[in-house]
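Computed from a prediction, not measured in an experiment: that's the story for all the values here.
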Amino acid sequence: MQPVPAQDELDLVLFGATGFTGGLTAEYLAGHAGEDVRWGLAGRNRAKLEAVRDRLVSINPVCAALPLLRADVGDESSLADMAESARVVITTVGPYVNYGEPLVAACAKAGTDYVDLTGEPEFVDRMYLRYHQQAQASGARIVHACGFDSIPHDLGALFTVEQLPEGVPLRVRGFVRVNGKPSAGTFHSAVTAFSRVRQLAAVHSERRRTEPGPPPGRRISSIGGAVHYEGSLGTWAVAMPTIDPQIVRRSATALDRYGPDFAYGHYLAIKHLPTALGLAGGVGSLFVLSQVPPSRTWLMGRMSSGQGPSSEERAKFWFKVRFIGEGGGQRVVTEVAGGDPGY
């Protein structure tokens with residue numbers, strides 16, 4: 001694969017373009033990147049990269065000239081070359097806790113901005129502990145969770161806060177309704193995360209001890225709660241064990257606009273109680289099966305790498321996130337909505 005001379009540094013490199021989500025990301029870039037954006041595709045298999053590039057030509061003929069870079073998570077020098085050839089690297093190669101760290105390390109060293117789609121809290125916390133200071137020194141911006149986890153929730157919470165009075169305690173709850181289906185990569189990441197609860201707890205505690213918290217006079221907290229009925233929406237609410245609340249709280253810590261005392265709760269909204277209870281039970285069963293190596297292997301085998309919903313299925317999928325914000329004697333309701341949540 002061709003090297004990229006330093007003077008011809010690319011604006012963006014997509015790593016993992018031959019996977020399901022990476023392929024969709026490549027198609028989006030082909031249609032929306034614009035003529036002035038210099039970008040390329042990276043992966044370990046040139047033939048597969050060429051096939052992706054050929055497919056992109058039907059979207060945008062200019063893509064015939066896209067550079068192809070060799071990069072492999074098992075080859076540190078290839079990742080270093082990729083990081084040094086680009087201003088920004090986007091990666092869709094997961095589960096990130098298994099495959100993501102070498103690229104974060106390369107970008108933090110090179111001063112290259114890094115973007116991923118992870119929803120894995122352990123990976124995010126571990127990368128902060130190991131590379132935050134180096135990234136600050138090199139100027140690299142390491143940005144996680146740039147997919148459905150957690151852009152709609154993070155920006156939706158911020159928008160809701162902006163509709164409420166300033167300088168007062170604020171309470172925001174997000175209620176998610178979703179119709180969609182995961183790809184193999186998303187499913188494998190979830191099973192992997194469920195299997196590593198002890199590691200997650202340990203690294204999260206370490207980050208809490210290490211990372212500066214809110215300044216004196218400010219408090220950021222979570223709103224808990226088991227399955228309960230939310231009368232204002234006419235739905236049952238089930239707490240969602242996702243990374244989204246962590247992302248929202250970090251934004252609240254960074255921005256004074258969230259007020260002196262901010263709390264956030266994150267729930268899946270379901271119309272009927274039996275469905276809510278069944279879902280909670282299903283997640284519990286998945287968690288239990290993920291703890292035992294044989295059953296975890298069996299779960300992983302239910303979907304193969306590269307599998308995901310068809311374009312016809314994705315066209316029918318949707319999501320809505322309803323936010324209820326309260327503070328300063330006011331109450332606001334906002335909504336973020338869109339098509340297929342995952343892809």
Side-chain angles (χ1 to χ4, degrees), residues 14-16 19-22 24-25 73-74 79 89-108 114-132 135 140-154 174 176 178 180-208 210-211 222 239-251 264 266 268 283-284 286-291 293 296-297 299-300 302-303 305-308 341-343:
L14 172 62
F15 180 49
F20 181 80
T21 304
L24 294 177
T25 306
V73 295
L79 297 180
V89 173
I90 296 176
T91 174
T92 62
V93 180
Y96 290 90
V97 75
N98 293 338
Y99 304 116
E101 181 173 355
L103 181 55
V104 174
C107 288
Y114 165 101
V115 175
D116 69 30
L117 301 169
T118 189
E120 304 165 45
E122 179 193 351
F123 174 73
V124 172
D125 288 344
R126 198 175 296 281
M127 295 306 96
Y128 174 87
L129 291 168
R130 292 181 176 174
Y131 302 104
H132 176 68
R141 290 170 289 191
I142 309 299
V143 186
H144 302 290
C146 293
F148 186 65
D149 293 321
S150 298
I151 287 176
H153 314 104
D154 194 25
V176 182
V178 61
K181 188 166 71 174
S183 68
T186 299
F187 179 70
H188 291 168
S189 292
V191 172
T192 300
F194 280 149
S195 73
R196 296 177 59 88
V197 289
R198 288 187 294 275
Q199 294 93 326
L200 168 61
V203 75
H204 186 63
S205 295
E206 185 179 353
R207 179 173 179 176
R208 290 186 65 180
T210 305
E211 185 178 20
S222 300
M240 291 185 70
T242 61
I243 197 174
D244 306 302
Q246 176 179 333
I247 300 296
V248 171
R249 290 195 303 270
R250 194 174 197 283
S251 293
Y264 181 72
H266 195 64
L268 188 64
V283 172
L286 184 63
F287 174 82
V288 171
L289 290 171
S290 299
Q291 307 310 305
R296 183 165 64 247
T297 300
L299 284 172
M300 292 289 203
R302 298 307 90 197
M303 295 187 73
S305 180
Q307 285 186 320
Y343 311 101

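- Between the side chains of D244 and T242, at least one donor N or O sits under 3.5 Å from an acceptor N or O.
- A distance of 8.5 Å separates CD in E122 from CE in M127, rounded to the nearest 0.5 Å.
- With a 6.0 Å radius and a threshold of 12 heavy atoms from other residues, nucleotides or ligands, R141 has its CZ atom at or below the threshold.
- Here the straight-line distance linking atom CG of L14 with atom OG1 of T91 works out to 8.0 Å at 0.5 Å rounding.
- In this structure, the side chains of R250 and Y128 come closer than 4.5 Å at one or more pairs of heavy atoms.
- Between A108 and A140, the shortest heavy-atom distance links the atoms CA-CB, 4.0 Å.
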Take L268 and V178 through the test side-chain contact (heavy atoms from CB on, under 4.5 Å) and record every step on the way to the result. CA-CA 8 Å; L268 188 64; V178 61; 4.1 Å; yes

Check against side-chain contact (heavy atoms from CB on, under 4.5 Å), F148 and T186: CA-CA 11 Å; F148 186 65; T186 299; over 6 Å; no

Candidate pair V248 and H266, rule side-chain contact (heavy atoms from CB on, under 4.5 Å), full reasoning: CA-CA 10 Å; V248 171; H266 195 64; over 6 Å; no

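- Minimum interatomic distance between S195 and Q291 (heavy atoms only, all atoms of both residues): CA-NE2, 4.0 Å.
- Contact check for L299 versus F194: no side-chain heavy atoms found under the 4.5 Å cut-off.
- Within the 4.5 Å cutoff, no side-chain heavy atoms of V97 are placed close to those of T118.
- Of all non-hydrogen atoms in C146 and I151, the two that sit nearest each other are O-CD1, 3.4 Å.
- In this structure F20 satisfies the ring pair (Phe, Tyr, Trp, His ring centres under 6.0 Å) test together with Y343, sequence neighbours excluded.
- Distance OH/Y264 to CD/Q246: 13.0 Å, rounded to 0.5 Å.
- Atom CG of L117 sits about 6.0 Å away from atom OG1 of T25, to the nearest 0.5 Å.
- Under the side chain to side chain contact (heavy atoms under 4.5 Å, CB included) criterion, P95 pairs with N98, Y99, E120, H188, S189, T192, not counting sequence neighbours.
- In terms of heavy atoms, G119 sits closest to D149 at CA-OD2, 4.0 Å.
- Taken from CZ in F15 to CD1 in I90, the straight-line distance is 13.0 Å, to the nearest 0.5 Å.
- Each of R208, H204, Q199 was scored for a side-chain hydrogen bond (donor to acceptor under 3.5 Å, both in side chains) with D125, with one residue passing: H204.
- Annotation: the span from R302 atom CZ to T297 atom OG1 amounts to 11.0 Å, rounded to 0.5 Å.
- Of all heavy-atom pairs spanning T92 and G22, the tightest one is OG1-CA, 3.3 Å.
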Go through the steps to decide whether Y96 and H144 satisfy the test ring pair (Phe, Tyr, Trp, His ring centres under 6.0 Å), and finish with yes or no. CA-CA 10 Å; Y96 290 90; H144 302 290; 8.1 Å; no

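- Side-chain atoms of S150 do not come within 3.5 Å of backbone N or O of A145 as any donor-acceptor pair.
- Counting heavy atoms from C-beta outward, H153 and I247 have side chains that stay 4.5 Å or more apart.
- Closest heavy-atom contact between P152 and G147: CD-O, 3.7 Å.
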